[in-house]
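Here is the structure we will look at, set down as structure tokens.
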Amino acid sequence: MRGGDQNHGQAGGNGILGQSAGKARRRGGAGTASGAAEQRTGHGPGKAGQRTDLGGGAAPGEHPATDGAEGETERERRRNAAVGCERQLGHYCTALRLGMGGPNKATQALDITTDNTERFKTIWGIRLNGLNLASDALIGLDSSTKYGILSNLIGLANPTFSEAMIGDASVSSKTTLQATGSRTQSVIDTQGVTIAPQGGSPTAVVMAAGQQVCFAGFNVCWRYDTTAKRMKLRWNGQDVASIDSGGNARFLGAVTGNTTP
């Protein structure tokens, strides 16, 4: 939030986004159970959503107390506490929640900005840090919209990422991009991008020598063999065709013409 803007706009300073200041004030005094739940981690519906046998709601960074039986080991206590929010309280525990309510549409739910044009204000705009910060995903998107992540289409003058839009320097991940589900056109579409020519033509994908492109899992693959200096087609683990820089082709089997491929 920029300094001096706390009371600007429909939602500024009222805690109820998308509503007029008057309406927010009228509702502010009464309060709701859901509003109370948003302010304290571990609290569900009701006054505080507390269960007497669990020792009350959890504070941020804490787990609810468990129904520890006598003789329960420390490992079991930790395991039970790790799933306490859903298994014991029956709802999600949230450290920080931003709720959007009311009939009006806001421009954005959260805006982090700067008017500085001379130098960068931060190293990281948003940083999620810690080896065990999240078990399933650091960022989870569960919604319906035009774009899941939108880059540089908001209207700033000459925005750019000097190196890459997405950078992945992990050393043990299974893959950088994994797509499941269904698509109506394609998984990756580069038809709308202008690419500066490298090597004579615009390049959509760049691969290192020896790396391969595979189909049907890893059964049929094309790769550039740096030793033989040929593009090779491997089928079920065996090279069956190749072509060199002179356009000379080699095939393990026969070449048949005038027949169905």
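Of the candidates Q212, M231, M207, M231 is the only one forming a side chain to side chain contact (heavy atoms under 4.5 Å, CB included) with W222.
Each disulfide bond (SG atoms under 2.5 Å apart) pair with one or both residues in residues 190-261, not counting sequence neighbours, appears once here: C214-C221. Counting only residues at least two apart or in different chains, salt bridge (Lys or Arg N to Asp or Glu O under 4.0 Å) contacts with residues 213-228 comprise R223-D225, R223-D239, D225-K232. For residues 117-143, no pair satisfies salt bridge (Lys or Arg N to Asp or Glu O under 4.0 Å), with sequence neighbours left out.
Checked against side-chain hydrogen bond (donor to acceptor under 3.5 Å, both in side chains), N129 has no partners two or more places apart in sequence or in another chain. Scored by the side chain to side chain contact (heavy atoms under 4.5 Å, CB included) test, T175 finds Q178 as partners (sequence neighbours excluded). In this view, R230 satisfies the side-chain hydrogen bond (donor to acceptor under 3.5 Å, both in side chains) rule with no residue, not counting sequence neighbours. Taking T107 as the reference, nothing meets the side-chain hydrogen bond (donor to acceptor under 3.5 Å, both in side chains) condition, with sequence neighbours excluded. Partners of S170 according to the side-chain hydrogen bond (donor to acceptor under 3.5 Å, both in side chains) rule, which considers only residues two or more places apart in sequence or in another chain, are D168, S173.
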Side-chain donor-acceptor pairs of residues 254-261 under 3.5 Å, sequence neighbours excluded:
none

Which pairs of donor and acceptor atoms, one on a side chain in residues 244-252, lie under 3.5 Å apart (sequence neighbours left out)?
{"residue": "D244", "atom": "OD1", "partner": "G246", "partner atom": "N", "Å": "2.9"}
{"residue": "D244", "atom": "OD1", "partner": "G247", "partner atom": "N", "Å": "3.1"}
{"residue": "D244", "atom": "OD1", "partner": "N248", "partner atom": "N", "Å": "2.9"}
{"residue": "D244", "atom": "OD1", "partner": "N248", "partner atom": "ND2", "Å": "3.3"}
{"residue": "D244", "atom": "OD2", "partner": "N248", "partner atom": "ND2", "Å": "3.2"}
{"residue": "D244", "atom": "OD2", "partner": "R250", "partner atom": "NH1", "Å": "3.4"}

List, one per line, each side-chain donor-acceptor pair under 3.5 Å for residues 186-201, sequence neighbours excluded.
{"residue": "S186", "atom": "OG", "partner": "I188", "partner atom": "O", "Å": "3.3"}
{"residue": "D189", "atom": "OD1", "partner": "Q191", "partner atom": "N", "Å": "3.0"}
{"residue": "D189", "atom": "OD1", "partner": "Q191", "partner atom": "NE2", "Å": "3.1"}
{"residue": "D189", "atom": "OD2", "partner": "Q185", "partner atom": "NE2", "Å": "2.6"}
{"residue": "D189", "atom": "OD2", "partner": "Q191", "partner atom": "NE2", "Å": "3.3"}

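Hydrophobic clustering (side-chain heavy atoms under 4.5 Å, transitive across Ile, Leu, Val, Met, Phe, Trp, Tyr) keeps Y224 apart from F218.
The environment of CD1 in I126 is sparse: at most 12 heavy-atom neighbours from other residues, nucleotides or ligands sit within 6.0 Å.
In this structure, I149 shares a hydrophobic cluster with L128, L133, L138, I139, L141, F161, M165, I166, the cluster being traced through Ile, Leu, Val, Met, Phe, Trp and Tyr side chains under 4.5 angstrom apart.
Between the Q238 side chain and the W235 main chain, no donor and acceptor come within less than 3.5 Å of each other.
Annotation for T226 and G210: closest pair CG2-N, 4.3 Å, computed over non-hydrogen atoms.
For the atom pair CG (L96) and CG (L98), the distance works out to 7.5 Å, reported to the nearest 0.5 Å.
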